[in-house]
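Only one structure is covered here, and it is reproduced in the block below.
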Amino acid sequence: MRRKIKVAAKDFLYRLSTRTTKVRHWLTAQVARALLSLLRHLPTDKALNFAVRTARRLGPLVSRHKVALENLRHAYPEKSEAEIEAIALDMWGNMARLAAEYIFLNQLFDYDPDAKEPGRVEVSGVPLFQRIAAEDKPHIIFTGHLGNFELLPIAGATYGMKVTALFRPPNNPYIADYILSTRSANMGDLLASQAGASFALARILESKGTIGMLVDQKFTRGIPSTFFGRACETSPLLPKLARQYDCDVYPARCIRLPNNRFRLEIEDKLDLPRTAGGTIDLAGTAQLLNDVVERWVREDPGQWMWFHKRWQLSKGKRKPRFKIIEKA
């Protein structure tokens, strides 16, 4: 009898916690949507600048601000506290700008290859976009949470390239639904990072398609590597897919410019490290990805998400999270 009471109490607390979390997520999403709806009534530049000013004031009040400061101190031990704080404020401004930009994507992306006058968006590496679109072979394009990375697939689409992007949806399902609903139709397909995602990506590459991936997030039970000189874990998915299909891997990023402008940049394909047997080295490739992203972040640290717990390591035994069926 006593055991049944304990089980019932445990079940009740679990259901209560689940419902409380659901209500909290719903309320948070409604507040976020209301704020974005208000911004929609402002001219684009005024709305974005207002979002930045607000975030720079409110960001230091949230608990993740302490995480950001601590991460920055480790990454830049030579910088003063004032410099660290300044980077953190720039980061909050960047994140607010990214959120607000979802409602202005159509106005923001004005890139025209034939335009005589530059618009908000400029593209560097046009021949590479054209080459990827024309080649009848699989490709992987990776980026990090820098600038407005959502604009990269639109630039690719301008040159006939269709990308299926792997993404990790926000923990808040209501915000995740809102983000999906606001994405432009020409931003390519999205694939949520969940069970079966690796098989779906493998099928795309098998069909000589192109996939896009973010590679700068914490990955539980990932490949041991370093980022800014500190131990971390990196997703093995891109290295495994690159090894399986021996496909070209391209770095791409979005750089914020003054006056709410952007530079979309794709770099030449990476020379991936290989084992003595000639196959792509998984650990070496994971580290190479981190090195590329670190180079980008060091150029403008205020454009990266320092509040992310990138350096949190797994506990216990390691088990692979992504399984890929090797080709016969």
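Given the structure is predicted, the values throughout are model-derived calculations rather than measurements.
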Any donor and acceptor pair, going by atom type alone, linking the side chain of [X] with main-chain N or O of [Y] inside 3.5 Å?
| X | Y | value |
| --- | --- | --- |
| Asn71 | His308 | yes |
| Thr210 | Val163 | no |
| Glu135 | Ile132 | no |
| Ser235 | Leu237 | yes |
| Asp216 | Gly144 | no |
| Gln303 | Arg256 | yes |
| Trp306 | Pro301 | yes |
| Tyr250 | Leu270 | no |
| Arg53 | Leu48 | no |
| Thr158 | Ile154 | yes |

Is it the case that Glu294 and Trp304 place a side-chain donor and acceptor less than 3.5 Å from each other? no
Crowding at [atom1], [X] (>12 non-hydrogen neighbours, <6.0 Å):
| X | atom1 | answer |
| --- | --- | --- |
| Glu117 | CD | no |
| Lys79 | NZ | yes |
| Tyr159 | OH | yes |

Residue pair [X] / [Y], side-chain heavy-atom distance below 4.5 Å:
| X | Y | answer |
| --- | --- | --- |
| Glu81 | Arg73 | yes |
| Lys66 | Leu69 | no |
| Leu58 | Trp92 | no |
| His139 | Lys208 | no |
| Pro60 | Leu89 | yes |
| Val249 | Leu272 | yes |
| Glu101 | Arg97 | yes |
| Met305 | Leu146 | no |

If every non-hydrogen atom of [X] is compared with every non-hydrogen atom of [Y], which pair is closest and at what distance?
| X | Y | result |
| --- | --- | --- |
| Ala55 | Ala96 | CB-CB, 3.2 Å |
| Tyr245 | Ala202 | OH-O, 3.1 Å |
| Leu288 | Pro273 | CD2-CD, 4.0 Å |
| Pro138 | Cys247 | O-CB, 3.3 Å |
| Ile280 | Arg274 | CG1-NH1, 3.7 Å |
| Cys254 | Phe262 | SG-CD2, 3.7 Å |

Name every donor-acceptor pair, under 3.5 Å, that has one atom in a side chain of residues 225-232 and the other anywhere in the protein, sequence neighbours excluded.
| residue | atom | partner | partner atom | Å |
| --- | --- | --- | --- | --- |
| Ser225 | OG | Ile223 | O | 3.3 |
| Ser225 | OG | Thr234 | OG1 | 2.7 |
| Ser225 | OG | Asn290 | ND2 | 3.1 |
| Thr226 | OG1 | Gln287 | OE1 | 3.2 |
| Thr226 | OG1 | Gln287 | NE2 | 3.2 |

Starting from Leu42, can I reach Leu108 by hopping between I/L/V/M/F/W/Y residues whose side chains sit under 4.5 Å apart? yes
Hphob cluster co-occupancy, Phe219 + Val67, side-chain heavy atoms under 4.5 angstrom: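 Phe219 and Val67: separate clusters.
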Checking His74 now: which residues fulfil side-chain hydrogen bond (donor to acceptor under 3.5 Å, both in side chains) with it, not counting sequence neighbours? Glu70
Does Glu233 pair with Arg310 as a salt bridge, N-O distance under 4.0 Å? no
Given the rule in the side-chain contact (heavy atoms from CB on, under 4.5 Å) test, do Leu152 and Ile141 qualify, once you have shown the distances and angles that lead to the verdict? CA-CA 10 Å; Leu152 289 167; Ile141 301 174; over 6 Å; no
Distance-only check: which donor-acceptor pairs under 3.5 Å involve side-chain atoms of residues 118-125, not counting sequence neighbours?
| residue | atom | partner | partner atom | Å |
| --- | --- | --- | --- | --- |
| Arg120 | NH1 | Asp45 | OD1 | 3.1 |
| Arg120 | NH1 | Asn260 | O | 3.2 |
| Arg120 | NH2 | Asp45 | OD1 | 3.2 |
| Arg120 | NH2 | Asp45 | OD2 | 3.0 |
| Glu122 | OE1 | Arg261 | NH2 | 3.3 |
| Glu122 | OE2 | Arg263 | NE | 2.8 |

